[in-house]
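Per chain, numbering begins at 1; letters A, B, ... match sequence-line order.
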Protein chains: 2
Amino acid sequence: MSDSRSRSSSRSSPERSSTGSSREPSEARAENGSRAERKEQTRRKLLDVTLRLITERSLAGISLREVAREAGIVPTAFYRHFASMDELGVDLVDESMRPLRQMLREARKGRVAHGDIITETVAVLAKQVRAHPDQFRFLTRERYGGVAAVRRAISTELRLFTSDLTVDLARLTSGFNWSTDDLEMVADLMVTAMLGTITTLLDQRDRHPEDSVSILTLAEKQLRLVVLGMSAWRSEA
Amino acid sequence: MSDSRSRSSSRSSPERSSTGSSREPSEARAENGSRAERKEQTRRKLLDVTLRLITERSLAGISLREVAREAGIVPTAFYRHFASMDELGVDLVDESMRPLRQMLREARKGRVAHGDIITETVAVLAKQVRAHPDQFRFLTRERYGGVAAVRRAISTELRLFTSDLTVDLARLTSGFNWSTDDLEMVADLMVTAMLGTITTLLDQRDRHPEDSVSILTLAEKQLRLVVLGMSAWRSEA
DNA sequence: AGTTTCAGTGAACGTTTGTACACTCACCAG
DNA sequence: CTGGTGAGTGTACAAACGTTCACTGAAACT
């Protein structure tokens, strides 16, 4: 069916070695970029194609051949970029989670009032989910998915999220002598709640797109409930 | 490698129609059970094999042939029981979740003090996870997995869990005029937290088995934190 | 006793898969 | 100008896949 796309690079150079003055590398070539750039472009295409295909299937259900086909290269050329689909998956995890982690860290930076932090965090998350739904779909799908290496990569990165949050909670509760264990417990609950929100967000997105608002207020409420619990906790235990 | 197992049913009847006195169905046959029973046995085997194989792969990564092979039947005989692997997956969801839901409902029945309910609920969950780890692994793996039908089935059943809990929360907070939306919000948070506990429980089980205790106290703490949050909430909003 | 039902068989099919191998030829460095 | 590098090609193959079809034979029904 979709097999007519692989015939796009037959003619290579329209006017090759004509005037002799084409020496400097800064000339406007018909084909784009240097060798390294071209390679990076294909790499990107492989990653993007996989991300797109994973909308309706899991990583384990996507074949190397299919990804290569959609990216417009022959199956064997795939190996120039990744040793296997598993490796591609791990790279995809890094690429998806590292920027997000940075954004969430900065959303909490400099702020002290709990309310602000919660609103800001939920907003950042919502914006990211809206901007890169495929990445989040990939992450939720593969978090407990069939590929062990990918699962491990996500789990590791997620632990960093929790540890970031634990540090910030420690700063916010300094003076109320919380134990590290209890702080981690709360951070874990918050991260879990936000992960739940993400999945709800993705689910709802498919059916009726603009219910996001109610989901986000729900998420904020849940976080606020936990913060309230923290106040009561400190005056109990 | 593992191909030497399919040659176990070559000789069918060692002494067929010898004496003529083998008429009544209550006779001690070498093979067991009636026709319907035999069929149910094979069905069970198919379900069990799938559950076992899913420990290290996802449903989408398990082939119909492999399941049939491990169950000791020929691939085509699979269709006598399920129309596809997807259908088998949906049946597996029902079988795993319905009894659990019943148990959790009864764990909350007749109790009024929050502490009791929390302890009891976590205990029931822990016991079930310990008793049927494969089922829970299957559920967490396929909850956002690659097979749409299975995803939907789990999601539906999970919503019932939340709605059960919402009803019970309504009973417990009667007189404090909570809105249904807010009760659902809390119930959702609690269910999400417990799902997180389950996955942590399964992860840790593989590495060092007897850290379950600390995970369970963590789970109880999280639930208790939420309940504390509820008290503070009602006196605020 | 005679007939029907149906779980399981076995061969065959057309695809698709991952990977091996020898290759081309545009690019970059010397 | 020249030689090496390496991204992408094309062919090839064995293995596994889902599904089809006509079949067997014991249990169940009449």
Side-chain angles (χ1 to χ4, degrees), chain A residues 1-3 5-14 16-17 20 22-27 29-46 57 60-88, chain B residues 1-3 6-17 20 22-27 29-46 57 60-88:
Chain A
M1 231 175 280
S2 63
D3 213 60
R5 205 169 303 120
S6 56
R7 286 270 66 81
S8 62
S9 60
S10 302
R11 75 278 179 279
S12 51
S13 47
R16 178 164 43 96
S17 71
S22 63
R23 225 168 309 155
E24 62 262 65
S26 64
E27 209 218 332
R29 269 260 164 278
E31 303 287 359
N32 37 8
S34 69
R35 177 125 92 168
E37 283 169 15
R38 300 280 301 266
K39 172 161 187 181
E40 181 55 27
Q41 275 176 26
T42 323
R43 201 188 108 99
R44 267 255 58 80
K45 212 166 197 173
L46 289 171
R57 312 220 285 291
I62 298 174
S63 70
L64 182 153
R65 283 184 108 104
E66 193 175 5
V67 172
R69 198 184 310 131
E70 295 283 307
I73 60 172
V74 96
T76 44
F78 178 95
Y79 294 105
R80 300 285 178 195
H81 304 273
F82 306 99
S84 62
M85 280 296 292
D86 291 17
E87 196 182 287
L88 183 150
Chain B
M1 228 177 284
S2 62
D3 214 60
S6 56
R7 285 271 65 80
S8 62
S9 61
S10 303
R11 73 280 178 277
S12 52
S13 49
E15 38 177 293
R16 177 165 46 96
S17 71
S22 60
R23 224 166 310 155
E24 63 263 62
S26 64
E27 207 218 334
R29 268 263 164 278
E31 305 286 359
N32 37 8
S34 71
R35 177 126 91 168
E37 283 169 14
R38 300 282 301 266
K39 172 161 187 181
E40 181 55 27
Q41 276 176 25
T42 322
R43 203 188 108 100
R44 266 254 59 80
K45 213 165 196 173
L46 289 171
R57 311 220 285 292
I62 299 174
S63 71
L64 182 153
R65 284 184 106 104
E66 192 176 6
V67 172
R69 197 186 310 131
E70 294 284 307
I73 61 173
V74 97
T76 46
F78 177 95
Y79 294 105
R80 300 284 178 196
H81 304 273
F82 306 99
S84 63
M85 281 297 291
D86 290 18
E87 195 181 289
L88 183 150

| task | Quick one: pull up CZ in B:Arg44 and NE2 in B:His81 and give me the separation to the nearest 0.5 Å. | result | 12.5 Å
| field | Rounded interatomic separation in angstrom, taking NZ from B:Lys39 and P from C:dT5 | value | 15 Å
| said: Between B:Glu37 (side chain only) and B:Ser34 (backbone N and O only), is there a donor and an acceptor less than 3.5 Å apart? | reply: yes
| task | Using the closest heavy atom to pick a nucleotide of DNA chain D for each, name whichever of B:Ser34 or B:Tyr79 lands nearer the 5' end. | result | B:Tyr79
| said: Run B:Phe78 and B:Leu88 through side-chain contact (heavy atoms from CB on, under 4.5 Å) and show every step you take. | reply: CA-CA 10 Å; B:Phe78 177 95; B:Leu88 183 150; 3.8 Å; yes
| Atom CD of B:Glu37 to atom P of D:dA26: distance rounded to whole Å? | 19 Å
| request: Starting at atom CZ of A:Arg44, determine the distance to atom C1' of D:dA7, rounded to an integer number of angstrom. | output: 18 Å
| query | Toward the 5' end of DNA chain C, which comes first, B:Arg65 or B:Ala77, by nearest nucleotide? | reply | B:Ala77
| query | So which of residues 80-88 of chain A are in contact with DNA chain D, with a heavy-atom cut-off of under 4.0 Å? | reply | A:Arg80, A:His81
| note | Between CZ of A:Arg57 and C1' of C:dT17 the distance, given in whole Å, is 13 Å
| For the pair made of CZ in A:Phe78 and P in C:dT17, what is the distance, rounded to whole Å? | 13 Å
| request: Nearest whole angstrom, please: distance from the C1' of C:dT17 to the CD1 of A:Ile62. | output: 15 Å
| Contact under 4.0 Å: A:Arg38 side-chain N or O vs C:dC28 OP1/OP2 | no
| message | Tell me every residue that passes salt bridge (Lys or Arg N to Asp or Glu O under 4.0 Å) with A:Arg80, counting only those two or more places apart in sequence or in another chain. | response | none
| request: For B:Leu64 and C:dT15, give me the distance from atom CG to atom C1', rounded to whole Å. | output: 16 Å
| Side-chain N or O of A:Ser63 closer than 4.0 Å to phosphate OP1/OP2 of C:dT17 | yes
| message | On the nucleotide C:dT17, are OP1 or OP2 found under 4.0 Å from the side-chain N or O atoms that A:Arg69 carries? | response | yes
| query | About how many Å separate CE of B:Met85 and CD of B:Glu66, when rounded to the nearest 0.5 Å? | reply | 8.5 Å
| Evaluation steps, side-chain contact (heavy atoms from CB on, under 4.5 Å), between B:Leu64 and B:Tyr79 | CA-CA 10 Å; B:Leu64 182 153; B:Tyr79 294 105; 3.6 Å; yes
| request: Determine: side-chain N/O of B:Thr42 to OP1/OP2 of C:dG8, distance under 4.0 Å, yes or no. | output: yes
| Atom-pair distance (CZ on B:Arg43; P on C:dC6), nearest Å | 17 Å
| In chain order, what residues pass the side-chain contact (heavy atoms from CB on, under 4.5 Å) check against A:Arg65, with sequence neighbours excluded? | A:Ser63, A:Arg69, A:Pro75
| request: For A:Thr76 and for A:Glu66, find the nucleotide of DNA chain C with the closest heavy atom, then tell me which residue's nucleotide is more 5'. | output: A:Glu66
